[in-house]
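See below for the structure under consideration.
Per chain, numbering begins at 1; letters A, B, ... match sequence-line order. Values below: every heavy atom of this structure, side chains too, minus hydrogens, waters and symmetry copies.
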Amino acid sequence: MITKLDSMLLPRKKFIYHYKNVRWARGRHETYLCFVVKRRVGPDTLTFDFGHLRNRSGCHVELLFLRYLGALCPGLWGYGATGEKRISYSVTWFCSWSPCVNCSIQLCQFLNKTPNLRLRIFVSRLYFCDLEDSLEREGLRMLTKAGVRISVMSYKDYFYCWQKFVDCKKSNFKAWEELHQNSVRLTRKLNRILQAWDLEDLRDALKLLGF
DNA sequence: ATTTTCAAT
């Protein structure tokens, strides 16, 4: 089943509809995740697999991805008893929404147990991040602390996804209006979220400086 | 000016 998913390319309309970084993304009751799995061999990385997933019946797409990860990354967990060496992987994913707080927590826990997996996340839009004290914001900070680099997708990322994951029939990616402005706005917003001082950290820093 | 968000029906 997973191989079928992998070999399928996203229809153009679907990609545009779900990845459009518009301010008010009305009615998109689905989330898509395009991924590239790379195997790390010494200093080199080799593309191992790629494809896309969609959320299913009450399961957010990030957790669905974790479910498939064992199949996508053979040897990720190694065979401790026989002393077999674990294989290192790098995963980059491009998701139409940023993760909810629950997914962020589960991802952090998963990555903690899997130091030989590196994760890089690109998102098209920020999910429930409007309120200053939203848990989703905190989740993104947690992921960053867990070593995950999170970025908002820019033109070059959409362009890359179009070539890699979309059934584009060699047609060039055409940016929608405001792609750039929206990407810049969301990047600023994400930076503000990730740079937010933790109150405890701030107290520690002030104490250290003698205040 | 205001609008939405990994549905539920």
Exercise. Between the main-chain N or O of Leu131(A) and the side-chain N or O of Arg137(A), is there a donor-acceptor pair closer than 3.5 Å?
Worked result: yes

Problem set entry | Spacing of Trp93(A) atom CH2 relative to dC6(B) atom C1', expressed in whole Å | 12 Å

Exercise. How close or far is atom P of dT3(B) from atom CG of Asp130(A), stated in whole angstroms?
Worked result: 11 Å

Exercise. Reckon Tyr127(A) has a side-chain N or O less than 4.0 Å from the OP1 or OP2 of dC6(B)?
Worked result: yes

For this session: Measure from the ring center of His18(A) to the ring center of Tyr32(A) and say whether it is less than 6.0 Å.
Result: yes

Exercise. Nearest-Å distance, CD1 (Ile105(A)) to P (dC6(B))?
Worked result: 18 Å

Seminar exercise, completed: In whole angstroms, the gap separating C1' of dT4(B) from CD of Glu136(A) amounts to 14 Å

Exercise. Is any side-chain heavy atom of Val148(A) closer than 4.5 Å to a side-chain heavy atom of Leu107(A)?
Worked result: no

Exercise. Quick one: which of dT5(B), dT4(B), dA7(B) gets closest to the side chain of Asn55(A)?
Worked result: dA7(B)

For this session: Measure the distance from OH on Tyr19(A) to C1' on dC6(B) and round it to the nearest whole Å.
Result: 12 Å

Problem set entry | Pair Tyr17(A) and Trp176(A), ring centroids less than 6.0 Å apart | no

For this session: Quickly work out the Leu63(A) CG to dC6(B) C1' distance and round it to whole Å.
Result: 10 Å

Exercise. How far, in whole Å, is dA1(B) from dT5(B) if one measures between their P atoms?
Worked result: 23 Å

For this session: Identify whether any heavy atom of Ser98(A) sits under 4.0 Å from a base atom; if not, whether one sits that close to sugar-phosphate; answer base, sugar-phosphate or nothing.
Result: base

Exercise. Could one point to a donor on the side chain of Trp24(A) or the base of dT3(B) with an acceptor on the other under 3.5 Å away?
Worked result: yes

Problem set entry | Value in whole Å for how far the C1' atom of dA7(B) lies from CZ of Arg26(A) | 15 Å

For this session: To the nearest Å, give me how far apart NE2 (His29(A)) and C1' (dT9(B)) are.
Result: 11 Å

